Structures are given as C-alpha cells and as structure tokens.
Amino acid sequence: MRKPCCEKKETNKGAWTKQEDQKLIDYIQKHGEGCWRSLPEAAGLLRCGKSCRLRWVNYLRPDLKRGNFGEDEEDLIIKLHALLGNRWSLIAGRLPGRTDNEVKNYWNTHLKRKLVRKGIDPNNHRLGLIRPTKSFVSNNHSCKEVNSQADNFPVLNSSTSGPVSNISSFPDLNLDLTIGLPIM
DNA sequence: AATTCAATCAACCGCCTCAAG
DNA sequence: CCTTGAGGCGGTTGATTGAAT
C-alpha cells in the first residue's frame with residue numbers, strides 16, 4: 001500500500017509567502033516536477049502536496065503569461081467552451097501560458113457576462129435564450145444565473161443542447177487536443 | 001473621509017480516475 | 001477483484017481591491 005498523501009501534520013493554509021514561493025521554485029528548478037506527495041517535506045515546506053502543485057501550476061511556473069487576455073484569446077475560449085463545456089484544463093491547454101484556473105476565473109467574471117450582453121446563453125452558446133437584464137443576480141459571489149435552464153446539459157455528445165456539437169461551426173479551430181510529451 | 005457594494009482571483013474543497021498493492 | 005492513495009480537475013469560497021455613494 002502507498003503512504004498517505006498529506007500526513008496529518010500541521011500544514012500552512014492561505015496565501016503563500018515569498019519565502020515559501022522561493023523554496024518551491026528552488027526545489028522544482030533543482031529536481032523538476034514530480035512526486036507532489038514527497039515534495040513539501042523535501043523542499044522544507046509546511047504545505048500539502050496538492051497545495052504545492054496548485055501554487056506551481058497556477059502561479060509560479062516560468063512559462064505563465066499572466067496579464068489581460070487578448071481578444072484572440074477571448075475568442076478562442078468562447079469557441080472552445082462552446083465545444084468542450086467546462087473542461088477548463090482542456091481549454092487552457094490550447095492557450096499557451098494560461099492556466100485552467102485563470103481561464104475559469106476569466107470565463108466566470110468576464111466572458112459569461114459578455115455573452116449575456118450579446119443575448120447569448122453562456123451555458124449552451126445559443127442566441128436569445130436568456131434576457132440580459134434578468135440573467136444575473138449580483139450577490140457578491142459573482143453573478144449566479146437565475147434561469148439556468150441548461151444546468152444539466154449533456155456535454156459533447158448531445159445533439160439537442162449543450163456545447164455546440166457541430167465542430168464544423170468553427171473551421172478555423174485546431175481541434176487536435178492530443179498532448180505531446182514534454183521535450184527533455 | 002467613511003461606508004457600502006461589486007469585481008477579481010488565489011486558494012481550498014471535494015470528487016473522480018487510474019494505478020499500485 | 002477490491003481497496004486505497006496520488007494526482008488532477010471543476011466548483012466554490014473568501015480576502016482584497018477599487019468604484020460608487
């Protein structure tokens with residue numbers, strides 16, 4: 001049997017400090033990404049492996065772009081979301097330097113509303129299904145849909161609802177979603 | 001200047017899948 | 001075949017910041 005992931009030690013939670021970031025960066029630069037389970041102890045961090053992975057993937061990785069999304073990126077996200085639904089990691093995989101968390105946040109805070117303003121239902125990318133004025137309730141936590149009729153739409157294989165099933169709607173999209181092996 | 005409200009985003013939580021044992 | 005843990009993912013929360021009143 002395997003050892004448990006995060007042994008029931010005291011671990012830090014909440015925002016990462018600069019020192020913690022530096023320890024994580026130093027460790028990964030020396031040893032590379034790998035066993036997240038043993039990383040915290042090896043790197044001298046009082047964090048669980050999951051937390052380290054998240055911090056690295058979403059914030060510390062050197063290839064991250066950060067900053068505002070360009071219009072081309074917005075466009076791509078919208079198209080990919082229409083095809084893939086909330087598969088944020090797949091969508092982020094098509095956007096170099098962007099993380100799934102970043103794409104998800106951007107979708108929820110900007111793009112959803114943008115589509116609603118155009119009269120497009122962000123759940124299924126169809127025109128005229130929701131009224132912009134009634135679609136969102138502002139209650140601090142980010143605009144929840146009132147009339148989310150498409151909550152349970154099936155993804156990808158539906159012929160009646162959900163993400164656009166006709167891929168030919170986006171002839172300009174490169175939909176080769178295979179993942180290449182990292183170059184060593 | 002103080003208070004309230006809204007927007008943003010980093011981080012956590014819980015679930016799922018896959019593989020080890 | 002079953003159980004368990006690691007890793008990964010999407011949903012959600014909560015702290016922070018900025019705008020409006």
Side-chain angles (χ1 to χ4, degrees), chain A residues 1-25 27-28 31-43 45-62 64-70 73-74 77-78 80-95 97-117 122-124 132-146 148 150-156 162-163 177-182:
Chain A
M1 285 295 159
R2 298 175 177 183
K3 289 178 195 165
C5 157
C6 303
E7 292 154 51
K8 306 289 177 206
K9 287 180 196 165
E10 284 292 305
T11 52
N12 292 340
K13 285 194 174 185
W16 280 64
T17 64
K18 287 211 166 123
Q19 291 91 328
E20 287 178 309
D21 281 347
Q22 201 51 56
K23 279 183 184 177
L24 185 55
I25 292 167
Y27 183 86
I28 291 178
H31 303 93
E33 292 179 48
C35 183
W36 295 109
R37 174 175 62 92
S38 57
L39 184 149
E41 195 174 353
L45 288 161
L46 284 174
R47 295 273 180 174
C48 82
K50 265 187 169 185
S51 181
C52 294
R53 179 189 156 271
L54 205 70
R55 183 65 179 169
W56 175 254
V57 167
N58 287 330
Y59 203 82
L60 299 175
R61 259 169 42 197
L64 292 181
K65 213 187 245 181
R66 311 199 65 78
N68 292 339
F69 282 75
E73 285 178 304
E74 284 190 6
I77 293 170
I78 291 167
L80 287 168
H81 186 271
L83 287 164
L84 301 167
N86 295 356
R87 310 279 230 283
W88 304 117
S89 59
L90 276 180
I91 294 172
R94 311 300 304 167
L95 292 153
R98 301 297 187 184
T99 71
D100 53 353
N101 210 31
E102 206 177 4
V103 172
K104 177 172 58 180
N105 280 333
Y106 194 71
W107 172 265
N108 285 325
T109 56
H110 292 88
L111 297 181
K112 245 180 167 177
R113 259 175 296 157
K114 197 173 174 178
L115 290 186
V116 169
R117 273 200 303 273
N123 289 304
N124 58 17
T133 48
K134 284 191 178 177
S135 303
F136 290 92
V137 188
S138 92
N139 66 341
N140 201 2
H141 282 114
S142 65
C143 302
K144 313 219 164 166
E145 287 97 330
V146 177
S148 79
D151 267 0
N152 301 313
F153 68 79
V155 175
L156 274 177
L177 296 173
T178 51
I179 299 165
L181 288 172

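It should be emphasised that the depicted structure is a prediction, and the values quoted were computed from it without experimental measurement. Order of the sequence lines fixes the chain letters, A, B, ..., with proteins taken first and strands second; residue numbering starts at 1 for each chain.
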If we only count heavy atoms from C-beta on, is the Trp16(A) to Leu24(A) side-chain gap below 4.5 Å? yes

Between [options], which nucleotide has the shortest distance from any of its atoms to the side chain of [X]?
| X | options | value |
| --- | --- | --- |
| Trp16(A) | dG7(C), dA11(B), dT8(B) | dA11(B) |
| Lys50(A) | dT8(B), dA11(B), dC15(B) | dC15(B) |
| Asn105(A) | dA11(B), dA10(B), dT8(B) | dA10(B) |
| Arg37(A) | dA6(C), dA11(B), dC9(C) | dA6(C) |

Distance-only donor-acceptor test, Asn58(A) side-chain atoms vs dA11(B) base atoms, 3.5 Å: no

Can you tell me if [X] touches the phosphate of [N], counting only side-chain N or O atoms and a distance under 4.0 Å to OP1 or OP2?
| X | N | result |
| --- | --- | --- |
| Asn101(A) | dG10(C) | no |
| Ser51(A) | dA11(B) | no |
| Arg55(A) | dA11(B) | yes |
| Arg53(A) | dC9(C) | yes |
| Lys13(A) | dC13(B) | yes |
| Trp88(A) | dG11(C) | yes |
| Arg66(A) | dA10(B) | yes |

Counterpart residues, salt bridge (charged side-chain N to carboxylate O under 4.0 Å, His left out), relative to Glu74(A) (two or more places apart): Lys114(A)

Taking atom P of dC9(C) as reference, at what distance in whole Å does atom CG of Asn108(A) sit? 17 Å

Considering residues at least two apart in sequence or located in another chain, which fulfil the side chain to side chain donor-acceptor pair (under 3.5 Å) criterion with Glu102(A)? Arg98(A)

Nearest heavy-atom contact between Trp107(A) and Pro122(A) is CZ2-O, 3.5 Å

